[in-house]
Amino acid sequence: METMILFILVLGLLFLGVPVAISLGLSSILLIAFFSTDSMSSVTLQLFTAAQNYTLLAIPFFVLASAFMSTGGVAKRLIRFAIATVGHFRGGLAMASVLACMLFAALSGSSPATVVAIGTIAIAGMRQVGYSKEFAAGIIANAGTLGILIPPSIVMVVYAAATNVSVGRMFLAGVIPGLVAGLMLMGAIYIVARIKNLPAEPWRGFGEIIAGGKEAGWGLFLIIIILGGIYGGVFTPTEAAAVAAVYSFFIAIFIYRDMGPMKGINWATDDDSRLARAGFSAVVYAVGFFFVWMILTFFITSDWESVTFGQRAGLGGMISVLIVLAYGTWRGGGGLGAVPGSLIAGLSIWSRNLRLMARNFGRAFFNEDTRKVMVDASKTTIMLMFIIVNALLFAHVLTSERIPDAITSLMLGYGFNWFTFLIAVNVLLLIGGQFMEPSGLLLIVAPVVFPIAMELGVDPVHLGIIMVVNMEIGMITPPIGLNLFVTSGITGMSLVQVVKAAMPFVGVLFLFLIIVTYVPALSTWLPYSLMGPEIMTR
């Protein structure tokens, strides 16, 4: 009886247009107050416990990092790198848009942020070279869903918090499926491009790939910091999120300078001599290499007692000196003997920029651009956390009333096995995903299906990836597909037009869902190879 009352209350409030968070929280409180033996004090205790959840603390930091990366001009640099890499194939600009979405997904963890950041630039670029507006919009709407599959993913953090599954294992589990989904989308684009004779970008050589990689390198290095730090044992996923937020702020304000008080001011100007530019760049590349070397070797050798900090720094320093000599000789124009002169000439560029950064360091924290990013990130965080806290209260009611146990017994009584159970889960999530925001839906469904999955022997990490892929499809299916609304907003197309544009490629994601559902190794091989199996008590 309590089960029926609870779900009638939730669905009734949702159909009346009550926000998801309030529907979940109010239904839970009404059930406890009038139909349950549980005490009302448990509501306060559960809300307090949910607010103290250490894993959930990663969400506001990942949201903030995503906001800085979206605003800080990283997207256009990723697109340049992606075009240089795959743009020369038939339909290459569309394929490059998918690759750029995959790369940005690894920085943001958010699907709507990926659509906005990449789509704003990529759709306009595709239109200029002859792609139809509908085709471009359909590509971006679908590719943007990779934002919640490729780690770090906010939705994965939510699933981990709801089920006590390891965030680290979930992040690793999304790597191979994310790559497969992106490659499947690019394969579908290539087939369509061959049929429709879509244009290809000219091959600009490996030099352009290297140049694009250098330009996007500071943004891409965030992937190494997050994943390398977590799996190198340096910090937890929550600490990684905090580091990502600080790093994103620094890169957007002081390195790329696409926002903040130094917006538009280049490090080197046309007035600087060739010798000064060569010396400056040589030091940048050497220092950049040393920075990357020290971090990567720390991650790799953290458990090696025989390797000391001095050994790593010494070898890295030697290689950095060789980089300075090689680049200075190549670009300085005067052979090896011109290297000291170029380094001295480059000091003027360093001096000018360091003084500029020192003058604007305090202003960077209170600049209008920074304030806007912080406010937008705060709004998103408050919305997500309000949904999550109420959903965890809903999950508490489910557990206290033993509703998952009753549903498990019912399904086992009807002869469900793991195969048919996963079909039922997919159908439930595909339907629910059309009407609800991913985090809210996941927090409603996960506490119900998770115990059943454990009873039937479904791997908890595999189940998490299945649920995330379903959330992906839900974001591009009407009537409440979030990516559809975002794509409509950045293109000016009606929602119906965006739906028609996205539907052909949704079939690719449906095929991908089937593969992920019934090939568990796709999700579990990498995390269990590196971290061992997830141990859950049934």
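We number each residue from 1, following the sequence as shown.
- By the 4.5 Å heavy-atom criterion applied to side chains, Phe280 and Ser348 are not counted as neighbours.
- Here the side chains of Asn483 and Ser111 are in contact, with some heavy-atom distance below 4.5 Å.
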* To do: Using the ring-ring contact (aromatic ring centres under 6.0 Å, His included) rule, take Phe365 and Phe249 through it: C-alpha gap first, then chi angles, then the decisive distance, then the call.
  => CA-CA 9 Å; Phe365 292 90; Phe249 166 78; 5.1 Å; yes
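- From Leu78, atom CG reaches atom CD of Glu215 across 9.5 Å, with rounding to the nearest 0.5 Å.
- The shortest distance between side-chain heavy atoms of Phe512 and Glu472 falls below 4.5 Å.
- With a 6.0 Å radius and a threshold of 12 heavy atoms from other residues, nucleotides or ligands, Trp203 has its CH2 atom above the threshold.
- Between Trp330 and Tyr327, the angle of the ring planes goes over 60°, which puts this pair in the perpendicular group of the 30/60° scheme.
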* Walk me through it: do Leu220 and Ile223 pass the test side chain to side chain contact (heavy atoms under 4.5 Å, CB included)? => CA-CA 6 Å; Leu220 293 174; Ile223 304 172; 4.1 Å; yes
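- Although no hydrogens or angles enter the test, the distance criterion places no donor-acceptor pair under 3.5 Å between the side chain of Arg90 and the main chain of Ala193.
- Heavy atoms only, all atoms of each residue included: Thr487 and Ala141 are closest at OG1-CB, 3.6 Å.
- Taking CE from Met156 and CG from Leu172, the interatomic distance works out to 10.0 Å, rounded to the nearest 0.5 Å.
- With hydrogens and angles ignored, the 3.5 Å screen pairs no side-chain donor or acceptor of Thr370 with any backbone N or O of Phe366.
- Contact annotation: the side chain of Val321 approaches that of Leu325 to within less than 4.5 Å [non-hydrogen atoms, C-beta and beyond].
- Using a 4.5 Å cut-off on side-chain heavy atoms (C-beta onward), Phe290 and Ile319 make no contact.
- Panel note: side chain Thr297, backbone Met294; a donor-acceptor pair is recorded below 3.5 Å.
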* To do: Apply ring-ring contact (aromatic ring centres under 6.0 Å, His included) to the pair Trp218 and Phe221, showing each step before the final yes or no.
  => CA-CA 5 Å; Trp218 289 105; Phe221 189 63; 7.4 Å; no
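- Heavy-atom minimum distance, Arg80 versus Ala211: NH2-CB, 3.4 Å.
- In this structure, Met374 places its CE atom where only 12 or fewer heavy-atom neighbours from other residues, nucleotides or ligands lie under 6.0 Å away.
- Two residues are said to be in side-chain contact when any heavy atoms from C-beta on lie closer than 4.5 Å; Pro527 and Met170 fail this criterion.
- No option in Ile189, Ile515, Leu179 other than Ile515 meets the side chain to side chain contact (heavy atoms under 4.5 Å, CB included) test with Met184.
- Between the CE atom in Met357 and the CD1 atom in Ile265 there is a gap of 12.0 Å [rounded to 0.5 Å].
- Checked by atom type and distance alone, the side chain of Ser523 never pairs as donor or acceptor with a backbone atom of Ala173 at under 3.5 Å.
- In this structure, OH on Tyr247 lies 5.0 Å from CD1 on Ile225, to the nearest 0.5 angstrom.
- Listed for the Asn367 side chain is no donor-acceptor partner under 3.5 Å among the backbone atoms of Arg363.
- Between the side chain of Arg169 and the backbone N or O of Tyr528, no donor-acceptor pair lies under 3.5 Å.
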* To do: Starting from the C-alpha separation in whole Å, work towards a yes-or-no answer on salt bridge (Lys or Arg N to Asp or Glu O under 4.0 Å) for Arg77 and Asp258.
  => CA-CA 11 Å; Arg77 295 173 173 85; Asp258 292 308; 2.6 Å; yes
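- A 4.5 Å side-chain heavy-atom check between Val284 and Trp350 finds at least one atom pair inside the cut-off.
- Heavy atoms only, all atoms of each residue included: Val116 and Val486 are closest at CG2-CG1, 3.3 Å.
- At a cut-off of 3.5 Å, with distance as the only test, no side-chain donor of Asn360 or Arg257 sits close to an acceptor on the other residue.
- In terms of heavy-atom proximity, Cys101 sits nearest to Ile118 at SG-CG2, 3.8 Å.
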* Take Ile251 and Phe68, measure what side chain to side chain contact (heavy atoms under 4.5 Å, CB included) needs, and give me the verdict at the end. => CA-CA 9 Å; Ile251 294 302; Phe68 276 117; over 6 Å; no
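- Looking at heavy atoms from C-beta onward, Pro520 lies out of side-chain contact with Asp459 at the 4.5 angstrom threshold.
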* **Step-by-step side chain to side chain contact (heavy atoms under 4.5 Å, CB included) determination, Leu463 to Thr163** => CA-CA 11 Å; Leu463 177 66; Thr163 59; over 6 Å; no
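- Considering every non-hydrogen atom in both Leu107 and Gly219, the closest pair reads CD2-O, 3.1 Å.
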* To do: Output, in order, the C-alpha distance, side-chain angles, deciding distance and verdict of side chain to side chain contact (heavy atoms under 4.5 Å, CB included) for Met467 and Val155.
  => CA-CA 10 Å; Met467 298 186 79; Val155 174; over 6 Å; no
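- A distance of 12.0 Å separates CG in Leu442 from CD1 in Ile387, rounded to the nearest 0.5 Å.
- With values rounded to the nearest 0.5 angstrom, Ile226 atom CD1 is found 5.0 Å from Phe62 atom CZ.
- Checked by atom type and distance alone, the side chain of Arg277 pairs as donor or acceptor with a backbone atom of Thr269 at under 3.5 Å.
- For CZ of Phe361, the number of neighbouring non-hydrogen atoms (other residues, nucleotides, ligands) closer than 6.0 Å is 12 at most.
- Within the 3.5 Å criterion, the main-chain N or O of Trp267 finds a donor-acceptor partner in the side chain of Arg352.
- One N or O on the side chain of Ser97 and one on the backbone of Leu93 form a donor-acceptor pair closer than 3.5 Å.
- In this structure, the side chain of Arg274 engages the main chain of Arg331 through a donor-acceptor pair within 3.5 Å.
- Closest non-hydrogen pair, Ile140 versus Gly119, comes out as CG2-CA, 3.7 Å.
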